[in-house]
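Right, one structure below, let's go through it.
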Amino acid sequence: MKQYIIPFIFALLCFGSCSKDTGNYEYTDVNLMTVTDTAGESISAKNYDLMYGETLTLEMKATGTLPTFDPKQVQYNWILNEDTIAKGGAAKFNAENLRSGENQIILYAKDPTNGLDYMTAFKINLSASISKGFFILTADAANNTKTYFRSSLNPQSEPNLVEHFGIDQEITLGSHPIELKPIYVNRKYSGLYTYTAQGENVFYQFNLNTLSPVRSLTGAGNGLDGGNLVITSVKPIWNSETGEAFITEKGQVRHLNQGFVKENAVNDPTFKYDFGKEDYVAADYNNSRGTLLMGFDHLSNRIMVLSYNGRIRNQFLKPNLDLATDELPGYSYVASGGNLIAGSNDYTFYMLVRNGSAVSCYQTSAVLNYEDNRYYPQKVELVSGGTIANIDRAVQPKYHRWTSAFYFAVGRTIYRMTPTSIIAREFITLPEDGTGDIVSWNFDDDTHRTLKNIGIATYNGASSQAKKGSLYHYSLINEGEGTRPSLTSKDLYKIDKAVSIGVAVQ
């Protein structure tokens with residue numbers, strides 16, 4: 001039986017191969033569409049990194065296998081979280097249509113020859129902030145807070161308005177802005193501190209990549225009298241990662257750390273004092289050996305020094321008035337600061353005061369006693385005096401710890417002088433371009449022990465421009481034994497009126 005099966009099958013195959021094609025069927029060619037970027041690369045599963053203020057442009061091109069395929073007829077839809085955020089073959093992505101963090105985007109391209117969708121997915125990781133540059137805290141005409149970020153990595157960058165913070169942009173800063181400071185940790189800028197006088201929260205610590213809150217402090221119920229806390233000034237602790245700072249409320253000094261604020265830093269209720277808006281310097285070396293506070297008291301018109309109470313960090317004893325100055329009637333506070341004395345473990349703190357155009361510099365020292373390993377303040381003494389015209393117009397005078405000098409702005413010029421010589425010398429003068437006087441300025445974040453960059457903001461209230469504020473960036477170039485300021489960039493009429501500038505360039 002088996003010997004007949006194989007020949008039979010062979011015969012059937014031969015019959016089939018020789019039979020005539022009747023032609024009663026037809027083939028339909030199907031277009032195979034491919035979508036790539038203009039470089040011819042697929043974007044499928046790609047990851048793009050994008051910094052705040054930057055724009056990523058993706059332009060697609062489609063090809064097909066049929067000669068009738070027309071790439072101009074392809075319809076493109078870019079989808080994020082089921083929402084169409086862009087249409088067309090070219091799409092731009094930035095903070096306006098993305099959220100901070102990871103964004104997974106699906107691209108649908110409809111083939112015009114058959115109505116089928118080509119689908120591909122990719123990711124854009126958006127950092128909600130810049131990694132280096134300028135952070136500008138501004139106030140509009142109604143004292144509402146507006147923040148601008150300006151990257152220093154891209155010469156073509158411009159200040160970008162940031163009105164909302166938080167992963168879902170659910171946070172807006174309060175009104176009457178006071179201070180802004182970048183956080184420098186592990187050789188990079190990792191966060192941002194903001195302070196406002198009013199708002200649901202008067203202090204925030206934000207993660208710089210996502211602008212999500214790490215810590216905050218509500219104003220309600222945190223005032224010294226149990227009412228609202230209204231901050232008048234802030235002195236952030238150098239190189240703090242926890243938001244540590246001294247704040248002033250109604251002339252009283254308080255300590256802020258990790259989103260909590262302590263009561264009066266002077267823990268003797270019998271001592272009455274008034275350090276005004278910001279008229280003090282607080283030692284920020286903060287260790288077990290003690291700290292000190294030197295302030296200009298508006299009640300007694302004396303400069304006095306308060307020492308660590310020996311029990312609670314950043315709490316102070318009432319002053320030993322033998323260490324204070326005599327009364328200084330008619331004087332007012334200008335600026336203060338201090339630093340470690342070179343070649344020792346001791347610290348010196350300076351305070352500038354003025355009476356009209358007469359300027360005086362006083363100092364005290366924190367001397368380490370090696371027997372009990374504690375710092376002790378010394379008598380406040382006069383160091384130098386002189387006359388400075390227009391010192392009453394000084395804008396944001398401050399002491400730079402690493403150059404051991406005072407700086408202040410008047411008009412369109414920043415001046416410099418040493419504590420031991422009250423002679424103001426021109427340091428930087430802005431070009432005459434009609435943008436108004438300096439309203440805010442700052443050095444590099446002083447975690448860096450050099451002075452290489454300065455950010456300067458001006459304001460022209462009479463301008464017809466929508467934004468009346470401008471921003472300048474100066475780099476300090478080493479030249480012989482000194483430095484020469486060089487204008488690196490300027491952004492004219494791009495911001496509101498600046499209150500505080502964080503310079504995070506190095």
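- Here the rule is ring-ring contact (aromatic ring centres under 6.0 Å, His included) with Phe149, and of Phe134, Tyr189, Phe135 only Phe135 fits it.
- The side-chain hydrogen bond (donor to acceptor under 3.5 Å, both in side chains) check on Asp83 picks up nothing, with sequence neighbours excluded.
- For Thr218 (side chain) and Glu200 (main-chain N/O), a donor-acceptor pair under 3.5 Å exists by modelled atom type.
- The ring-ring contact (aromatic ring centres under 6.0 Å, His included) search around Tyr273 returns Phe271, Phe275, not counting sequence neighbours.
- With hydrogens and angles ignored, the 3.5 Å screen pairs a side-chain donor or acceptor of Tyr333 with a backbone N or O of Ser336.
- Between Phe246 and Tyr280, the two ring planes are perpendicular [angle over 60°; tilted spans 30° to 60°].
- Using modelled atom types, one finds a donor on one side chain and an acceptor on the other under 3.5 Å when comparing Thr242 with Asn257.
- Side chain of Asn144 to main chain of Gly174: no donor-acceptor pair is present (N/O by atom type, distance under 3.5 Å, no hydrogens or angles).
- Tested against Thr458, the residues Leu492, Leu430, Val439 include a single side chain to side chain contact (heavy atoms under 4.5 Å, CB included) partner, Leu430.
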- May I have the step-by-step check of side-chain contact (heavy atoms from CB on, under 4.5 Å) for Arg412 and Thr435, ending in yes or no? CA-CA 9 Å; Arg412 294 180 63 82; Thr435 56; 2.9 Å; yes

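- The list of salt bridge (Lys or Arg N to Asp or Glu O under 4.0 Å) pairs with a residue in residues 462-474, not counting sequence neighbours, reads Lys467-Asp496.
- At a cut-off of 3.5 Å, with distance as the only test, no side-chain donor of Arg416 or Thr403 sits close to an acceptor on the other residue.
- Every residue meeting the side chain to side chain contact (heavy atoms under 4.5 Å, CB included) condition with Asn47, not counting sequence neighbours, appears here in chain and number order: Lys123, Asn125.
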- Item | Pair Asp392-Arg354, side-chain contact (heavy atoms from CB on, under 4.5 Å): steps then yes or no | CA-CA 8 Å; Asp392 58 315; Arg354 71 174 184 87; 3.6 Å; yes

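- Screening residues 417-429 for side-chain hydrogen bond (donor to acceptor under 3.5 Å, both in side chains) gives Thr413-Thr429, Glu426-Thr429 as the qualifying pairs, with residues at least two apart or on separate chains.
- Shown here are the ring-ring contact (aromatic ring centres under 6.0 Å, His included) partners of Phe296, two or more places apart in sequence or in another chain: His298.
- With respect to the salt-bridge test (charged N to carboxylate O, under 4.0 angstrom), the residues Glu249 and Arg254 qualify.
- A side-chain donor from one of Thr488 and Ser475 sits under 3.5 Å from a side-chain acceptor of the other.
- Within a 6.0 Å radius of NZ in Lys92, other residues, nucleotides and ligands contribute 12 heavy atoms or fewer.
- Shown here is Gln396, whose CD atom has more than 12 heavy atoms of other residues, nucleotides or ligands within 6.0 Å.
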- Query: Going through the checks in order, is the side chain to side chain donor-acceptor pair (under 3.5 Å) test met by Ser463 and Tyr459?
  - Reply: CA-CA 9 Å; Ser463 170; Tyr459 184 77; over 6 Å; no

- Message: As a quick check of understanding, evaluate side chain to side chain donor-acceptor pair (under 3.5 Å) for Thr145 and Thr196, giving each step before the final call.
- Response: CA-CA 8 Å; Thr145 301; Thr196 58; 5.6 Å; no

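- Other residues, nucleotides and ligands place no more than 12 heavy atoms under 6.0 Å from the NZ atom of Lys132.
- In plain terms, the two heavy atoms of Ala457 and Ala498 that are nearest each other are CB-CB, 3.4 Å.
- Between the side chain of Asp491 and the backbone N or O of Lys494 there is no donor-acceptor pair closer than 3.5 Å.
- The closest donor-acceptor contact from the side chain of Asn453 to the backbone of Asp444 lies at 3.5 Å or more, if one exists at all.
- For the pair Asp37 and Lys61, the salt-bridge criterion is not met [side-chain N within less than 4.0 Å of a carboxylate O].
- Ser42 and Thr36 share no donor-acceptor pair across their side chains, judged by distance under 3.5 Å alone.
- For Phe427 and Tyr415, the ring centers sit 6.0 Å or farther from each other.
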- Message: Working note: Leu137 + Ile501, criterion side-chain contact (heavy atoms from CB on, under 4.5 Å); need CA distance, chi angles, decisive distance, verdict.
- Response: CA-CA 6 Å; Leu137 194 68; Ile501 300 177; over 6 Å; no

- Would you please test His255 and Glu244 for side chain to side chain donor-acceptor pair (under 3.5 Å) and show each step? CA-CA 7 Å; His255 180 241; Glu244 190 171 10; 2.8 Å; yes

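- Annotation: Gln465, atom CD; neighbour count of heavy atoms from other residues, nucleotides and ligands within 6.0 Å is above 12.
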- Task: I would like to know whether Arg150 and Ser489 meet side-chain contact (heavy atoms from CB on, under 4.5 Å); could you show each step before the answer?
- Result: CA-CA 11 Å; Arg150 202 277 192 194; Ser489 66; 3.6 Å; yes

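- In this structure a side-chain-to-backbone donor-acceptor pair under 3.5 Å is present from Asn103 to Ile124.
- The shortest heavy-atom contact between Phe122 and Ile43 is CB-O, 3.2 Å.
- Residue Tyr399 forms a ring-ring contact (aromatic ring centres under 6.0 Å, His included) with just one option from Tyr407, Phe443, Tyr350, Phe349, and that option is Tyr350.
- Ion pairing between Asp225 and Lys250 holds under the 4.0 Å rule for side-chain N and carboxylate O.
- Checking side-chain atoms of Lys398 against main-chain N and O of Trp441 turns up a donor-acceptor pair under 3.5 Å.
- Judged by distance alone, with hydrogens and angles left aside, the side-chain atoms of Glu54 form a donor-acceptor pair with the main-chain N or O of Met51 at under 3.5 Å.
- Checked by atom type and distance alone, the side chain of Ser500 pairs as donor or acceptor with a backbone atom of Leu180 at under 3.5 Å.
- With hydrogens and angles left out, the side-chain atoms of Tyr472 and Asp433 include a donor and acceptor closer than 3.5 Å.
- Proximity of the aromatic rings of Tyr108 and Trp78 is defined here by a centroid distance below 6.0 angstrom, and this criterion is not met.
- Taking the six-membered ring where the residue is Trp, Phe206 and Tyr204 present parallel rings, their angle staying beneath 30° rather than reaching 60°.
- Contact of the Ile388 side chain with the Phe408 side chain is registered, since non-hydrogen atoms from C-beta on lie closer than 4.5 Å.
- Using modelled atom types, no side-chain atom of Asp168 and backbone atom of Glu170 make a donor-acceptor pair closer than 3.5 Å.
- Nearest approach of Gly115 to Lys110, heavy atoms of both residues: O-NZ, 3.6 Å.
- The two atoms that bring Ile171 and Gly166 nearest to each other are CD1-CA, 4.5 Å, heavy atoms only.
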